[in-house]
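Reviewing the structure listed below.
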Protein chains: 2
Amino acid sequence: MGKRMHNFNAGPAALPLPVLEEIQSELLDYKGSGMSILEVSHRSKWFDEVINEAVERTKRLLGLGDDFEVLFIQGGASLQFCMIPMNLGIPGKPVEYINTGTWSTKAIKEAQVQGKNVAVIASSEDKNFSYIPREFTVNPDAAYLHFTSNNTIKGTQWTQFPDAGEVPLICDMSSDIMSRPFDPRPFGLIYAGAQKNIGPAGTALVIIRKDMLERVPEDIPTMLKYTTFSGKNSMFNTPACFVIYTISLVMKWLEETIGGLDKMEAINREKGSLLYGCIDDSDFYQGTAATDSRSLMNVTFRLPDEDLEKQFVAEALEEGLGGLKGHRSVGGCRASIYNATGIDGVSALVDFMQEFEIKNG
Amino acid sequence: MGKRMHNFNAGPAALPLPVLEEIQSELLDYKGSGMSILEVSHRSKWFDEVINEAVERTKRLLGLGDDFEVLFIQGGASLQFCMIPMNLGIPGKPVEYINTGTWSTKAIKEAQVQGKNVAVIASSEDKNFSYIPREFTVNPDAAYLHFTSNNTIKGTQWTQFPDAGEVPLICDMSSDIMSRPFDPRPFGLIYAGAQKNIGPAGTALVIIRKDMLERVPEDIPTMLKYTTFSGKNSMFNTPACFVIYTISLVMKWLEETIGGLDKMEAINREKGSLLYGCIDDSDFYQGTAATDSRSLMNVTFRLPDEDLEKQFVAEALEEGLGGLKGHRSVGGCRASIYNATGIDGVSALVDFMQEFEIKNG
């Protein structure tokens, strides 16, 4: 095996090395079955154990009570953008959104396409989505309030979640789920594309509070109903078995190697301090997110000019630091430092940044 | 590694061993990238090559002209059941279906849920779906004619596809795609859940004739539009990267090791002859499908009584022959012998069946 890259990709992203090694070691014979995990039936005892473990570990890590169900639905967060208003809108009531960037904007669009009564109650578009809005009023009659907990492209993150009173929160946590503990009780639904913090691409993790299931209309397509998945442990049809298997291994790593979400958060805070510290100590690097809205998952920054940024990304890659180019829609640089990126990776990046500044500053 | 099972599962199903070995060998370092294929960005040169190879090999193997596009859409064949009428229905025109079993029935239901004008022009429900209907009349004004090429549960298969004149055929080929060559020109759309003949669970392969894209309505959710996928090489959002990677390796195996679909069909015919020959030579085993409608992919049969069937399935498993239980909705026995099941596997099964008959017949 060649040298392993420090992987700062925004998603698909780094996975814990022990998880990859476990997948590799049992790829031809899953636990004595004589089959690969890629070949076992989703109706088998082997896969039942896999999906049940993924669900149970998710519930334990997030402290979810029995009033929540954990589902796996293909199509990524993008399919959830349309399933949420389709399933959880209430006729005659507005659906409310806070717009903090590209992904929120897409979620809003999919509610509008369906002709829902959409209210965008706050937005940071006035400053290019560089901050998290603090001032807004939630209509107590709203069907739900949707927000995006972490914004991969702009590098912002909610430190404290919005208070919507009795209105259920719905949150796209694709890029920071399992990075920190939080109180799940105000949430009607939480969803996350797997490919950032919990696994490879190919499924969304959907956590739904059971009372939300009562809203699901009868007359929508079967595969777009949350009740289709909740009633069958996500196996109305064949689920994304291998992705769920990998998620179960990542959850095991979170519980047994890291030691839970308090520990994970402490590590993530240390990584963030290191990297933002480097940026703040320098006039060469400029963070693009407002200081009080900075993401601990996606650190976005600029160099003095675009040529230097190109040179930075290219030289970093030569040093084994990959994926540092900003999203194609905004340019600049971005280091995604999800759970699986260790302090060693962030330290190596900071060392490189300091050397690069000395040479080119 | 333990002894490899002869895997007769209906799906997820056996994969070619060289494909599994290649995945395992490069799982920690994909082609010198320093990353696992599970970790590389879908916007990277590595994944671009993967998806382009999967598309190009599919086109070559099936002899698809430039008037076809090859897409990968999550959600399995079950999501296609609703996307097809939503995208390809034409206001004022009927959508026509032939009902040959469980999967066709589900496809019909999803068109009805959407309030489409559904005409079921033929059905074999009168004889428990044990045959393929030969007599039907296609309305030349229909938007499309939908059928299921192979019926995994009942063990039937179309040997010659229906002639619908100018009406585009739409076909669920989940369980026999790539098992034989055919003329793609009458097809407006072909779809297949990956987990039977071409890869692991987690994506559908969708082949669409470009003129069909003109039918896609503007006002449906983004992730349910075929044009969302066709315009972006299936990467409007993050696709099921690992599944597509595995598909590209299975397609390579089909082209380079098997030698194309003519060769694959010859092997499948030989496997079918062996197994149906064993059934026909015996009074102990009874095939459940009409002789002229027998599937070369899923061979369904009964033993004299249910206790013997249970014993058969259990003893076979001890001999390393797995997955022989019939679908839970019909009982009996079923051997799924997709592309990746070799003649050696079928021979081993036939040997076991003959011995079992001698002992218990």
Side-chain angles (χ1 to χ4, degrees), chain A residues 1-5 7 9-15 20-21 23-24 27-29 32-36 38-43 74-79 81-82 86 106 109-110 113-114 193 195 200-203 219-224 236-243 246 320 322-323 328, chain B residues 1-5 7 9-15 20-21 23-24 27-29 32-36 38-43 74-79 81-82 86 106 109-110 113-114 193 195 200-203 219-224 236-243 246 320 322-323 328:
Chain A
M1 153 185 171
K3 195 177 173 215
R4 202 162 150 77
M5 167 95 79
N7 180 351
N9 278 323
L15 287 167
L20 295 172
E21 288 170 339
I23 295 170
Q24 186 182 44
L27 195 81
L28 295 187
D29 184 9
S33 66
M35 293 175 280
S36 172
L38 297 167
E39 302 174 302
V40 306
S41 171
H42 61 299
R43 308 281 178 206
Q74 294 180 51
S78 294
L79 187 64
F81 297 160
C82 82
M86 194 181 287
K106 289 187 187 219
K109 182 189 161 202
E110 296 305 316
V113 162
Q114 293 174 50
Q195 69 273 10
T203 200
D219 60 348
I220 59 176
T222 305
M223 284 294 288
L224 301 176
F236 168 79
N237 73 334
T238 318
C241 299
F242 179 81
V243 178
T246 306
R328 62 200 184 288
Chain B
M1 153 186 170
K3 195 177 175 213
R4 203 163 149 76
M5 166 95 79
N7 180 351
N9 277 323
L15 287 167
L20 294 172
E21 288 170 339
I23 295 169
Q24 185 181 45
L27 195 82
L28 295 186
D29 184 8
S33 65
M35 293 175 280
S36 171
L38 297 167
E39 302 175 301
V40 306
S41 171
H42 61 299
R43 307 283 179 205
Q74 293 179 52
S78 294
L79 187 63
F81 296 161
C82 83
M86 194 181 287
K106 290 187 186 220
K109 181 188 162 203
E110 295 306 314
V113 163
Q114 294 174 49
Q195 70 273 11
T203 200
D219 59 350
I220 60 176
T222 305
M223 284 295 286
L224 301 176
F236 168 77
N237 74 334
T238 317
C241 299
F242 179 81
V243 178
T246 307
R328 63 200 183 288

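Below, read A as the first sequence line, B as the second, and so on, with proteins coming before strands; counting in each chain starts at 1.
Contacts between Q195(A) and chain B at a heavy-atom distance below 4.5 Å involve the side chain alone, from C-beta outward. Proximity to chain B (any heavy atom under 4.5 Å) is shown, for A14(A), by both the backbone and the side chain.
The greatest number of non-hydrogen atom pairs below 4.5 Å with chain A, out of M223(B), H42(B), M35(B), Q24(B), is found for Q24(B). Taking I220(A), T203(A), T238(A), T246(A) one by one and counting their heavy-atom pairs under 4.5 Å with chain B, the maximum is reached by T238(A). Among L27(A), L79(A), I23(A), the residue making the largest number of heavy-atom pairs under 4.5 Å with chain B is L27(A). When the candidates Q114(B), R328(B), K106(B) are compared by the number of heavy-atom contacts under 4.5 Å with chain A, R328(B) comes out ahead. The candidate with the highest count of non-hydrogen atom pairs below 4.5 Å against chain A, out of A201(B), P200(B), G75(B), G32(B), is G75(B). Counting heavy-atom pairs under 4.5 Å between each of V113(A), L38(A), N9(A) and chain B puts L38(A) at the top. Heavy-atom pairs under 4.5 Å with chain A peak, among S78(B), A240(B), P239(B), G193(B), at S78(B). Heavy-atom pairs under 4.5 Å with chain A peak, among A13(B), G322(B), C241(B), at A13(B).
Note that NZ of K3(B) and CG of D29(A) are 12.0 Å apart. Values are rounded to the nearest 0.5 Å. With rounding to the nearest 0.5 angstrom, the CG atom of L224(B) is 4.5 Å from the SG atom of C82(A).
Not one N or O on the side chain of E110(B) forms a donor-acceptor pair closer than 3.5 Å with the backbone of P221(A).
When all heavy atoms are compared, the tightest approach of E39(A) to N7(B) is O-ND2, 3.4 Å. For the residue pair G76(B) and N237(A), the shortest heavy atom distance occurs at CA-ND2, 4.3 Å.
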